[in-house]
2 protein chains.
Amino acid sequence: MSETGSSFSEAEPFTLAIDGMGGDGGPEVVVAGLAIAADRHPSARILLIGDEDRLREQLARHPKAAAICTVRPAAAAVPMDMKPTAALRLRDSSMRLAMDAVAQGEARGVVSAGNSGAMLALAKIVIKTLPGISRPAMAAISPTTKGDVVMLDLGANMACDWRNLVEFAVMGEAFAKAVLGLTAPTIGLLNVGSEELKGDEKLRQAAEILRNSPLAPQFHGFVEGHDITAGTTDVVVTDGFTGNVALKTGEGALKMSFVLLRQVFRSGLLAKLGYLLVRPGLNRMREWLDPRRYNGAVFVGLNGVVVKSHGGTDAEGFASAVDVAMDMVTHRFNESIRERLSRMGALTALRPGAGKDQPAVAVVS
Amino acid sequence: MSETGSSFSEAEPFTLAIDGMGGDGGPEVVVAGLAIAADRHPSARILLIGDEDRLREQLARHPKAAAICTVRPAAAAVPMDMKPTAALRLRDSSMRLAMDAVAQGEARGVVSAGNSGAMLALAKIVIKTLPGISRPAMAAISPTTKGDVVMLDLGANMACDWRNLVEFAVMGEAFAKAVLGLTAPTIGLLNVGSEELKGDEKLRQAAEILRNSPLAPQFHGFVEGHDITAGTTDVVVTDGFTGNVALKTGEGALKMSFVLLRQVFRSGLLAKLGYLLVRPGLNRMREWLDPRRYNGAVFVGLNGVVVKSHGGTDAEGFASAVDVAMDMVTHRFNESIRERLSRMGALTALRPGAGKDQPAVAVVS
């Protein structure tokens with residue numbers, strides 16, 4: 001892989017800015033999570049932002065976390081139910097100061113378990129969108145029967161056009177490289193059927209662009225809902241409304257199967273004995289599907305790494321979100337998007353039909 | 001419940017038209033399915049349409065099916081991959097003749113395991129849309145941890161406006177009454193969050209209309225993807241694109257959990273012994289989630305009952321699809337929609353904002 005265009009070498013130390021006040025658990029969960037992260041990344045440098053007294057109280061309990069953290073006081077915190085427009089006006093919130101640290105080059109990424117609408121709005125205004133990307137998207141990894149899948153958008157953009165979908169494909173591919181460590185991730189566009197004529201105009205246009213782009217060898221075409229967990233492709237691209245519904249529907253179905261399994265294992269004395277015998281395997285299955293392992297949705301397409309931890313997560317889950325941020329910086333996620341975009345040419349110059357011998361814009365004469 | 005407006009009493013015998021040629025299994029699966037249906041509905045009257053020789057050959061093997069069937073020859077069959085426009089031109093197909101039988105009042109409903117795009121197109125043209133309904137939708141039932149849920153639209157309409165969504169709510173409620181036997185089914189609108197401000201304009205408008213309609217006591221508001229399998233509401237309403245993706249994503253996630261469970265039970269000698277002990281409970285769970293039990297998606301909003309069996313189903317699944325059609329006719333599904341629509345007033349007269357003291361159409365002066 002070419003290093004051209006990268007302004008950072010992988011070995012260079014970097015700082016992550018952490019919003020110490022986000023999430024239902026606040027500083028208690030965040031700092032406990034950083035203690036786990038410190039074990040995994042002992043050379044990490046963390047700028048921990050929030051209520052100084054509360055943060056120092058937690059750091060005193062977690063000396064491992066204290067060893068990697070520098071505390072920066074913030075006078076305010078963004079409440080979980082605050083509207084994005086109100087959060088934008090709160091200039092001294094821990095979330096805002098964390099974003100500022102990235103914008104000013106002090107930190108390479110930010111992790112927060114706070115209000116996601118506020119995070120997206122602040123990230124767009126403070127950190128700003130990558131050149132060549134029209135809108136950031138929310139991406140995350142999910143389990144499949146074969147391995148993991150990257151899904152995006154998961155809710156940042158309710159309505160999308162073909163250009164957004166193509167950009168999501170570019171960013172999803174870079175994400176799968178950085179976080180899953182794949183060399184040539186395959187890409188699928190989520191649709192209601194796999195035939196070329198299925199779906200609406202924007203899907204067919206995005207597919208046409210991808211088929212005629214440098215990503216063509218990795219573009220699988222349309223995939224359907226069941227392909228997500230089947231692991232048909234490494235990346236599944238869709239609009240934010242559909243992605244959000246699909247993610248939550250899949251999680252709900254898995255939860256139902258665990259609820260039903262619990263009933264099976266409690267259905268009698270023999271079943272209880274059977275449970276004891278299969279428990280080790282079941283625990284491995286539960287670990288594989290553990291939402292905490294998949295914690296850390298990422299707002300991609302910004303001039304920095306922005307990771308959103310689930311608000312209700314525990315320390316283990318928060319540490320996973322920190323892992324994702326570390327992976328994305330060390331594996332040059334944004335540099336990879338830039339390289340790909342420069343190889344694809346300006347997306348603004350692309351338009352469906354342009355690759356064929358027909359005018360890109362139909363002229364009615 | 002008032003019988004006003006019903007032109008049929010529940011006890012009156014009726015005929016179902018069956019497309020004998022649809023599905024991957026053709027007449028073999030269809031007639032074997034009818035033999036199972038004959039056991040459950042010995043007084044059923046079936047008009048079985050298709051290639052006469054092939055149908056009679058199968059009926060000779062299944063005397064129970066023969067006892068309830070009248071055969072009507074059809075010279076052609078709609079292939080599974082035929083485009084709807086081509087299927088509309090094929091006037092002597094078994095699918096077309098089955099629709100004709102409903103349009104001419106010979107049969108009250110049709111069941112086919114054939115090409116669903118062709119079915120929808122033929123049903124719209126031949127059987128026609130119910131007065132007061134602008135577009136038919138595809139509905140089906142799915143398992144939840146609490147019971148069953150009715151979902152619609154599952155793919156008949158890729159893009160929907162608020163009026164379509166309100167109509168889907170009306171039809172979904174009638175479906176839950178007819179097929180699940182509920183007296184006052186609750187209704188949820190699928191969205192990316194449960195707060196009133198979430199989602200796009202058409203979702204907020206549909207919610208406003210439902211909150212101010214006679215369905216208000218049953219309208220739960222917005223639901224999210226995980227609410228589908230949690231059984232939060234008895235009916236989940238969404239557009240055809242999202243519904244199709246959600247249905248297949250949920251099925252995929254359940255399939256993944258079974259694949260992983262199989263690995264657990266094969267992971268060693270003790271696990272295999274454990275499997276033997278929990279097998280009876282697991283078989284009950286598998287039965288509960290068996291897709292064949294949920295076979296039979298219904299095109300609702302037409303002047304007759306139109307049930308689509310999965311193309312790859314077996315005889316048991318086809319019999320389930322016949323069950324659904326029987327339930328919908330005997331429980332007066334379409335009469336229930338007509339009653340509800342007349343109580344709601346003409347939907348065309350409804351518009352978001354009309355219930356409040358503000359003009360329904362903003363005038364820029």
Side-chain angles (χ1 to χ4, degrees), chain A residues 81 83 143-145 155 158-159 190-193 195 197 199-200 224-231 238 240-261 263-268 270-282 284-285 288-289, chain B residues 81 83 143-145 155 158-159 190-193 195 197 199-200 224-231 238 240-261 263-268 270-282 284-285 288-289:
Chain A
D81 56 356
K83 285 196 184 162
T144 80
T145 45
M158 290 301 111
L190 192 59
N191 201 342
V192 296
E195 303 85 352
L197 288 169
D200 59 14
E224 301 179 63
H226 50 82
D227 289 306
I228 300 171
T229 46
T238 186
F241 187 88
T242 311
N244 186 289
V245 167
L247 182 82
K248 290 175 182 168
T249 302
E251 285 175 353
L254 282 180
K255 197 174 170 190
M256 171 168 73
S257 73
F258 276 109
V259 168
L260 296 175
L261 267 181
Q263 291 168 6
V264 167
F265 290 129
R266 287 178 181 171
S267 61
L270 287 178
K272 281 178 189 164
L273 182 60
Y275 169 67
L276 293 178
L277 295 174
V278 298
R279 191 162 55 177
L282 275 179
R284 280 193 304 276
M285 173 176 165
W288 173 248
L289 301 175
Chain B
D81 57 355
K83 285 196 184 164
T144 80
T145 45
M158 290 301 110
L190 192 59
N191 199 341
V192 296
E195 303 85 352
L197 288 170
D200 59 14
E224 300 179 63
H226 50 81
D227 288 306
I228 300 171
T229 45
T238 187
F241 187 87
T242 311
N244 187 290
V245 168
L247 183 82
K248 291 175 181 167
T249 302
E251 285 174 355
L254 283 180
K255 197 172 170 191
M256 172 169 72
S257 73
F258 276 108
V259 169
L260 295 175
L261 266 181
Q263 291 170 5
V264 167
F265 290 129
R266 288 177 181 173
S267 61
L270 287 178
K272 281 179 189 163
L273 182 61
Y275 169 68
L276 293 178
L277 296 174
V278 298
R279 192 162 54 178
L282 277 180
R284 280 194 303 277
M285 174 176 166
W288 172 249
L289 301 175

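Below, read A as the first sequence line, B as the second, and so on, with proteins coming before strands; counting in each chain starts at 1.
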**OP:** Enter the distance from Lys272(B):NZ to Leu277(B):CG here, rounded to the nearest 0.5 Å.
**Re:** 15.0 Å

**OP:** Check each atom of Thr145(B) against the heavy atoms of chain A and say whether the ones under 4.5 Å are side chain, backbone, both or neither.
**Re:** both

Subject >> Region of Ala230(A) that comes under 4.5 Å of a non-hydrogen atom in chain B >> reply: neither

Please report, to 0.1 Å, the donor-acceptor pairs under 3.5 Å made by any side chain of residues 247-254 of chain B, with sequence neighbours excluded.
residue: Lys248(B); atom: NZ; partner: Val192(A); partner atom: O; Å: 2.9
residue: Lys248(B); atom: NZ; partner: Glu224(A); partner atom: OE1; Å: 2.4
residue: Lys248(B); atom: NZ; partner: Asn244(B); partner atom: OD1; Å: 3.0
residue: Thr249(B); atom: OG1; partner: Val245(B); partner atom: O; Å: 2.6

Subject >> Qualifying residues under side-chain contact (heavy atoms from CB on, under 4.5 Å), relative to Leu260(A), sequence neighbours excluded >> reply: Met256(A), Gln263(A), Met285(B), Trp288(B), Leu289(B)

Original post:
With respect to chain B, which residue among Gly225(A), Gly231(A), Pro280(A) yields the maximal number of heavy-atom pairs within a distance under 4.5 Å?
Top reply: Gly225(A)

Original post:
Can you tell which of Thr238(A), Asn191(A), Ile228(A) has the highest number of heavy-atom pairs within less than 4.5 Å of chain B?
Top reply: Asn191(A)

Original post:
For the candidates Leu190(A), Thr144(A), Thr229(A), which exhibits the highest count of non-hydrogen atom pairs separated by less than 4.5 Å from chain B?
Top reply: Thr229(A)

Original post:
For Phe258(A), is it the side chain, the backbone, both or neither that has a heavy atom under 4.5 Å from a heavy atom of chain B?
Top reply: neither

Original post:
If you tally heavy-atom pairs under 4.5 Å against chain A, which of Leu261(B), Val259(B), Asp200(B) wins?
Top reply: Leu261(B)

Subject >> Contact origin within Phe241(A) toward chain B - heavy atom pairs under 4.5 Å >> reply: both

Original post:
Do Val278(A) and Leu273(B) come close enough that some side-chain heavy atom pair is under 4.5 Å?
Top reply: no

**OP:** Measure Arg284(A) against the heavy atoms of chain B and call it side chain, backbone, both or neither at under 4.5 Å.
**Re:** side chain

Original post:
So which of Asp227(B), Leu276(B), Leu282(B) has the largest heavy-atom pair count under 4.5 angstrom toward chain A?
Top reply: Leu282(B)

